[in-house]
Each structure stands twice: as structure tokens, then as C-alpha cells.
Amino acid sequence: ALPVIYVITPTYARLVQKAELVRLSQTLMHVKNLHWIVVEDSPVKTQLVSELLAQSNLRFTHLHTETPKEHKRKETDPNWLKPRGVEQRNLALQWLRENRELSNEGVVYFADDDNTYSLRLFDEIRSTKRVSVWPVGLVGGLRFERPLVEGGKVMGFYTAWKPNRPFPVDMAGFAVALQLLLANREARFDLLAERGYLESSLLQSLASIEELEPKADNCTKVLVWHTRTEKPKMKQEELLQKQGLGSDPSIEV
Ligand code: UDP
Ligand code: MN
């Protein structure tokens, strides 16, 4: 049987949330043997996400945990100030450890709700034995970042931003075998990790550089893009609201 791909997605309420989740869910619908673990950064499971999941026909697990206040980014903070989605990803790891066994064949991938994923990426992810890596487009101030491969082995990384990070790999650029995460029960993301070091905080306890499995034609193909969605302007909405003429709140966007 095909190993199950567990896709872990942290998500939080904002104007574009439904649009992001519709896009991602409709990508995932094309992937066989997939289990979507959606973790809301919220004190409750919201109706919007619950209904979207129920209507998706995907195999899913719906969890929630609110990022502690002192770690939450404020509207005015620059987006890089605090790591995002950390407690949510860790909760998904905990769920896997409590609900899956070493005999279950699977691969875990952390898919943020706003990136763009080629279906071909999931074919690459599926064959992960321990930790696999590949290029990510539009990230780190470059057209792409990627692992550098020689003789089928990862020898270093093409990256410009903080090149001394132990694993200069974006969240979208690696997958981990379920068995490895179940065998290393302490492995998790560090909520206090310095900017750019979140991925390293997990990967350091799972693999060494030499052990990484290069995918996507020896890391020469970009199959995932770190796209970011512009915050929609609500100028007219706000003006109308002041006159009591804001849009119908019963219509979900
Ligand atoms: N996220 C979250 N809570 C937050 C901010 C972000 O759960 O307060 C989620 C978000 O939905 C996404 C992931 O964490 O799936 C990464 O966030 P974002 O895309 O904003 O990060 P960036 O693209 O800047 O790395
Ligand atoms: Mn993002």
C-alpha cells in the first residue's frame, strides 16, 4: 500500500483564510492516501474551518490550540518578529504520536496554508525514508533556495539569508518519515527559536546533513513556492460600516 502522507497545516482567522484553505484543500484532493491535519490557532474550532473540512471529502483531523499571548504577533509587528504556527505544528506531532504506531507507514509534511504546491511534490514526498529535502521557490530573498547535491548526497545549501543555520531549509522544503517522528518522541519545534531557526530546531534531533535524501531530480526542480497573499484593503468596507452600511456579515468570505 502507498504510505500515507500526513499534511500538517497551521491556520488562523483572517480575511483571506477561507480562500487559502479552499485553494490548499483543492490541491490536496488530487493526492492519493493523504491525511490532512489542520490545526487552528484559535481557542475553539471555528465553524468556517469545520464546514470547509466536512465538505472537502478529504481524510482529516481537526485540532486547535491558541498561540500563547506573549508569543503571538500583534497586527503592527513586522511578520518576522515571532515564529508562526509553532504550537499548532507541535500539537499535530503530539496527535500523531498518540494515534499512530511504528507499524503505520507514513510521511509527514508541514504545509502552510498560503504556499503553492505542485502535485508532483507529493510523489516526491511519498518515498521519504527518513528526512527528504528539495528546493523551495520565492523564498529567502532569492528565486529559490535549494540543497546542493553531489553524487546523490546533500553537500550544502544554496541560500543567502543566515547561511550558518544548521538546516537552512524552509518549512515547505522537507518531509519526515512518520516512523522517525514516532521513534524520536522529543523532536519538536522550539517556540523560542530565533528567526530562521525553527526548521533547524526540529531537524537537528532527526538527521544529519549527510543523511538527507535529495528529491526533485537531485534538488534541481522547484515544486513548491513560498507565495504570500497580500492583505486585502478594506477601506470602502470601513467607510460604509461607519454609516451602518457595512456588507452583510451573514455572508461568509
Ligand atoms: N499561522 C498561525 N498563526 C499565526 C500566524 C500564522 O497559525 O498567528 C499559520 C499560517 O496560517 C501559516 C503558517 O502559520 O499556515 C505560517 O504563517 P505565514 O504564512 O504567515 O508565515 P510566512 O509565510 O511569513 O513564513
Ligand atoms: Mn506563508
Side-chain angles (χ1 to χ4, degrees), residues 6-28 36-46 48-50 52-53 58 60-95 108-118 121 135-142 144-145 159-162 165 167-175 188-203 222-232 253:
Y6 293 92
V7 172
I8 295 176
T9 301
T11 186
Y12 70 112
R14 70 249 196 235
L15 279 165
V16 300
Q17 184 183 31
K18 188 176 186 181
E20 306 283 29
L21 292 176
V22 163
R23 186 154 39 96
L24 177 53
S25 67
Q26 293 184 354
T27 297
L28 301 182
W36 196 16
I37 306 180
V38 176
V39 192
E40 290 195 69
D41 184 350
S42 158
V44 295
K45 292 186 197 177
T46 66
L48 186 150
V49 175
S50 303
L52 189 138
L53 287 170
L58 288 163
F60 69 84
T61 295
H62 185 186
L63 306 171
H64 70 93
T65 181
E66 192 175 27
T67 302
K69 274 274 177 307
E70 60 274 25
H71 294 290
K72 188 136 185 115
R73 180 158 62 98
K74 297 178 193 69
E75 188 79 352
T76 48
D77 287 346
N79 69 49
W80 44 262
L81 196 67
K82 299 272 166 64
R84 282 135 280 163
V86 181
E87 296 290 72
Q88 290 72 30
R89 296 186 192 97
N90 282 335
L91 181 64
L93 290 177
Q94 186 188 328
W95 184 89
V108 176
Y109 180 52
F110 300 95
D112 290 352
D113 59 8
D114 57 341
N115 294 335
T116 304
Y117 305 90
S118 165
L121 176 66
V136 177
L138 312 178
V139 76
L142 296 169
F144 58 82
E145 287 181 343
T159 181
W161 185 66
K162 298 194 179 179
R165 290 176 287 165
F167 290 85
V169 178
D170 185 77
M171 195 63 71
F174 69 93
R188 62 199 324 271
F189 294 102
D190 181 358
L191 189 56
L192 303 175
E194 205 187 309
R195 182 184 173 213
Y197 286 75
L198 189 60
E199 294 84 352
S200 297
S201 72
L202 177 79
L203 290 171
V222 174
L223 300 176
V224 57
W225 296 261
H226 186 257
T227 44
R228 307 191 72 227
T229 304
E230 187 184 5
K231 188 170 184 269
V253 175

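In listed order, ligands and their atoms are each counted from 1. Below, all heavy atoms of this structure are taken into account, side chains as well, without hydrogens, waters or symmetry copies.
Among Met171, Arg84, Arg228, the residue whose heavy atom sits closest to atom 5 (C) of ligand 1 is Arg84. In the candidate list Pro10, Pro83, Ala172, Pro10 is nearest to atom 14 (O) of ligand 1, counting heavy atoms.
The minimum distance between the Mn ion (ligand 2) and any N, O or S atom of Asp114 involves atom OD2.
For Thr67, no nitrogen or oxygen atom sits less than 3.5 Å from a nitrogen or oxygen atom of ligand 1, counting backbone and side chain alike. Remark: ligand 1 and Gln88 share no N or O pair separated by less than 3.5 Å (distance only, no angle test).
Assignment of Thr9 to the shell around ligand 1 is not supported, since no heavy atom sits closer than 4.0 Å.
Within the listing of ligand 1, atoms 22 (P), 23 (O), 25 (O) sit less than 4.0 angstrom from a heavy atom of His226. Each of the following atoms of ligand 1 lies closer than 4.0 Å to a heavy atom of Asp114: 19 (O), 23 (O).
Between the side chains of Glu20 and Thr11, no donor N or O sits under 3.5 Å from an acceptor N or O. With 3.5 Å as the limit, one finds a donor-acceptor pair spanning the side chains of Trp36 and Thr9. Residues Thr67 and Asp41 bring a donor and an acceptor atom of their side chains to less than 3.5 Å of each other. Between the side chains of Thr159 and Glu145, at least one donor N or O lies within less than 3.5 Å of an accepting N or O.
A distance below 6.0 Å separates the ring centres of Phe189 and Phe110.
Residues Asp113 and Arg14 are paired through a salt bridge, judged by an N-O separation under 4.0 Å between the basic side chain and the carboxylate.
A donor-acceptor pair is defined here as one N or O able to donate and one able to accept, closer than 3.5 Å; no such pair exists between the side chain of Glu199 and the backbone of Pro168.
Heavy atoms from both the backbone and the side chain of Asp113 come within less than 4.0 Å of ligand 1.
At a cut-off of 2.8 Å, Asp113 is not counted among the residues with an N, O or S atom near the Mn ion (ligand 2).
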